[in-house]
Amino acid sequence: MVSETETSALGNALVVLGAAGIVIPAFARFRITPVIGFILVGLLVGPSGLGALTGDYPWLKHVTIASTEDIALFAEFGIILLLFSIGLELSFRRLWQLRKLVFGIGAAELLLGGMILGGALMLLTDYSTPAAFGLGIALALSSTALVLPIAGTKSAVGRASFSMLLFEDLAIVPIIFILGALAPNAAANSTELLLTTLWQGVVVVAALAIAGWFLLPRIFAQAARAKNPELFLAASLLVVIVAALATAAVGLSPIVGALLAGLMIAETEYHGEVEAITAPFKGLALGVFLISVGMGLNLKTIAEQWPQLVAAVAGVILIKAIVTAALLRFSGTARRGTAAEVGLLMSSPSETTLIVLATALQAQIIGRSTAEFWQLVTAIGLTITPLLARVGHDISRRIEMRSSDSAPIPETPEGRTVIVGFGRVGRIVAELLREHNRPYVAVDADIDTVAAARRDGFLVRFADVARPGSLDKLGIEHADAVVLTMDDPVQQLRMTRQLRQKYPDLPIISRARGADHAAALYQAGASDAVPETLESSLQLAEAVLIDLGVAMGPVIASIHDVRAKMRHDIMTKGQLEREPRIQKLRTPPTGSESA
């Protein structure tokens with residue numbers, strides 16, 4: 001006989017899995033983040049949505065969730081898996097490089113934002129000082145679960161966001177203890193308890209790091225020898241759960257343990273396999289968390305208090321965005337566009353805000369009605385986080401576009417290379433030029449590409465080379481070479497002709513689609529045209545032949561023969577008087593040639 005509890009659990013699983021199966025494909029089709037979809041599903045099937053009608057329509061019990069507590073455990077596990085996956089993308093070396101951002105900007109953002117928010121609440125409400133500043137710190141927290149999937153950890157926006165979020169996650173435990181110490185009936189040993197938790201946390205983290213260093217390679221090596229993906233999954237989940245439980249046992253947040261578990265596995269050679277196996281679970285678990293956020297939205301309360309809610313959400317977002325952007329900008333950490341984007345991305349409250357609010361309520365620092373109001377503000381803020389991210393990205397683009405258009409081409413010594421097009425090919429060319437200390441300037445017609453490249457430190461300007469006169473602003477008359485890497489073959493031919501007519505002695509190196517395109521570029525005046533399909537095909541063929549056991553000498557000879565045939569083909573099609581240079585350099589020049 002199936003119990004009512006088991007039926008309810010199966011119904012909740014049906015709702016969550018059904019939401020994932022419908023929301024993700026539907027929103028992906030319209031290129032909308034599924035974050036909003038999951039929150040809307042939570043609102044629809046939660047206690048204030050269809051769940052409120054189960055008394056009149058009992059069959060709705062099978063497609064609704066009665067309360068947020070029913071899926072709270074799964075939501076918490078989703079956040080743990082998210083932090084674990086973030087740890088997999090990092091390393092201890094990279095964390096050490098981010099230490100100034102974490103403990104500098106991260107600490108300043110949380111403390112300054114909390115003080116300003118708390119001060120504003122004291123001025124505008126009748127909250128007591130502990131209540132105002134407790135709420136200020138709670139609202140100053142930002143959502144790890146939403147921000148990092150949007151921004152990642154590798155871009156300039158992602159690095160800045162991750163650094164501040166990491167400090168916030170580390171600060172949760174001291175915040176909770178401080179709120180407990182501010183309670184009217186606080187125990188006298190609260191400070192001693194906080195210190196005990198901190199030193200025990202340090203010991204546990206150190207023990208986990210040492211144990212992981214010695215044990216994890218051996219555990220995953222055994223799983224690899226068994227050639228069983230299920231063992232990889234089981235071992236990964238075991239490591240995450242043990243680390244999360246260990247940190248939770250001493251009073252730290254379990255997400256600290258999850259992040260540490262990811263970092264430890266990232267230092268092993270098995271991190272790619274673990275990341276691939278756990279990725280689907282992370283997405284589903286995050287969906288459960290977002291559904292729980294949607295269930296926290298009460299439409300009746302929103303309708304009754306919408307002016308106060310709108311003012312509170314707008315005030316929190318405005319203050320946090322200004323504080324975060326100002327800190328990043330005035331510290332010299334980020335460009336103006338990046339600072340604005342991070343400010344808006346980090347401006348919503350966090351899922352951990354709900355934890356801090358519950359702690360403040362339990363400590364009797366705030367009343368139940370106050371806690372419910374700010375919980376609703378938090379849920380609304382989480383709901384609109386993807387929209388704020390979109391707005392921040394658009395503002396960043398406009399700022400970068402204005403600065404790119406107005407910035408003059410910097411004066412450089414003779415020998416500058418002009419790169420037209422900054423996709424994957426142009427970026428590689430720029431990286432190599434930068435590595436060899438060769439001056440360059442690049443242009444691209446996609447402002448998103450320009451903004452991303454400028455955040456990564458490349459000298460790139462926004463310019464549409466198809467517009468008449470745009471080339472004259474690039475200082476080509478002082479350039480020693482021009483590299484054309486655009487995807488448009490017609491535009492490449494047109495630019496090559498224009499450049500050759502205006503600058504007869506200028507070296508023009510162009511990316512070519514194939515032999516026919518290379519021949520046309522040579523006819524148009526290119527100094528060198530590199531057929532990308534030829535080199536990728538030859539490298540693939542070389543790898544196949546060597547893996548099949550063919551000796552290196554015959555393989556290289558065959559590749560040289562193919563290149564010779566290609567050169568002859570290009571010469572014939574392009575009616576060239578000289579042989580095109582498409583051979584691949586295998587060894588660097590030596591002696592006087594490398595000077």
Side-chain angles (χ1 to χ4, degrees), residues 35 38-39 42 68 72 75-76 78-83 86 102 105-107 109-114 116-118 121 133-151 153 158 160-176 178-179 252-256 258-259 285-286 288-297 312-313 315-321 323-324 342-361 366 371-389 392:
V35 169
F38 280 118
I39 293 175
T68 54
E76 183 179 359
I79 299 175
I80 289 174
L81 280 180
L82 173 65
L83 266 293
I86 291 168
V102 174
I105 301 297
E109 180 264 342
L110 178 61
L111 296 177
L112 185 58
I116 294 176
L117 286 167
L121 288 173
F133 285 98
L135 286 171
I137 286 292
L139 296 170
L141 298 169
S142 301
S143 175
T144 302
L146 293 184
V147 170
L148 289 184
I150 293 173
T153 59
S161 302
F162 172 74
S163 301
M164 290 182 281
L165 290 168
L166 179 58
F167 181 83
E168 290 178 3
D169 291 336
L170 295 174
I172 291 174
V173 173
I175 289 172
I176 291 175
I178 290 172
L179 290 176
L252 295 177
S253 171
I255 63 178
V256 175
L259 179 64
L286 180 59
V288 177
F289 162 72
L290 294 171
I291 289 175
S292 69
V293 171
M295 292 169 61
L297 296 173
V313 172
V316 170
I317 289 173
L318 183 63
I319 291 174
K320 291 182 65 178
V323 169
T324 303
V342 175
L344 276 171
L345 184 62
M346 297 277 291
S347 62
S348 292
S350 168
E351 61 278 357
T352 49
T353 300
L354 302 174
I355 299 174
V356 178
L357 289 174
T359 303
L361 175 62
I366 59 176
E372 290 176 352
F373 176 82
W374 290 107
Q375 285 169 353
L376 197 53
V377 169
T378 301
I380 295 173
L382 288 170
T383 304
I384 64 174
T385 296
L387 301 178
L388 294 172

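When a residue number appears, it is its place in the shown sequence, counting from 1. Any value given below was found using the heavy atoms of this structure, including those in side chains, with hydrogens, waters and symmetry copies removed. Predicted model, so just to flag it, every value in this text is computed and none were measured.
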Asks: State which residue, out of Ile317, Leu357, Val316, Val356, fulfils the side chain to side chain contact (heavy atoms under 4.5 Å, CB included) condition with Leu139.
Replies: Val316

Asks: Counting N and O atoms only, with roles assigned by atom type, does the side chain of Lys320 sit under 3.5 Å from a partner on the main chain of Leu141, one being a donor and the other an acceptor?
Replies: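 Confirmed, Lys320 side chain pairs with Leu141 backbone.
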
Asks: Look only at the side chain of Ser348 and the backbone of Gly381, and say whether a donor-acceptor pair between them is shorter than 3.5 Å.
Replies: yes

Asks: Is there a donor-acceptor pair under 3.5 Å between the side chain of Thr353 and the backbone N or O of Ala138?
Replies: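 Yes, Thr353 side chain to Ala138 backbone: donor-acceptor pair under 3.5 Å.
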
Asks: Is the closest side-chain heavy-atom distance between Met164 and Val342 below 4.5 Å?
Replies: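 They are in side-chain contact.
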
Asks: Are Met346 and Val147 close enough, and set up right, to give a side-chain contact (heavy atoms from CB on, under 4.5 Å), and what steps lead you there?
Replies: CA-CA 7 Å; Met346 297 277 291; Val147 170; 4.1 Å; yes

Asks: Could you state the interatomic distance from OG1 (Thr385) to CG (Leu345), rounded to the nearest 0.5 Å?
Replies: 8.0 Å

Asks: Could you pull out the closest heavy-atom pair between Ile150 and Pro386, with the gap in Å?
Replies: CD1-CA, 4.2 Å

Asks: Leu388 and Ser347: side-chain contact (heavy atoms from CB on, under 4.5 Å), yes or no, with the steps?
Replies: CA-CA 8 Å; Leu388 294 172; Ser347 62; 3.5 Å; yes

Asks: side-chain contact (heavy atoms from CB on, under 4.5 Å) for Leu117 and Leu135? Distances and angles first, verdict last.
Replies: CA-CA 8 Å; Leu117 286 167; Leu135 286 171; over 6 Å; no

Asks: Where do Ile366 and Phe373 land on the side-chain contact (heavy atoms from CB on, under 4.5 Å) test, with the steps shown first?
Replies: CA-CA 11 Å; Ile366 59 176; Phe373 176 82; over 6 Å; no

Asks: Ignoring hydrogens and angles, tell me if any N or O in the side chain of Glu168 forms a donor-acceptor pair with the backbone of Ser142 under 3.5 Å.
Replies: yes

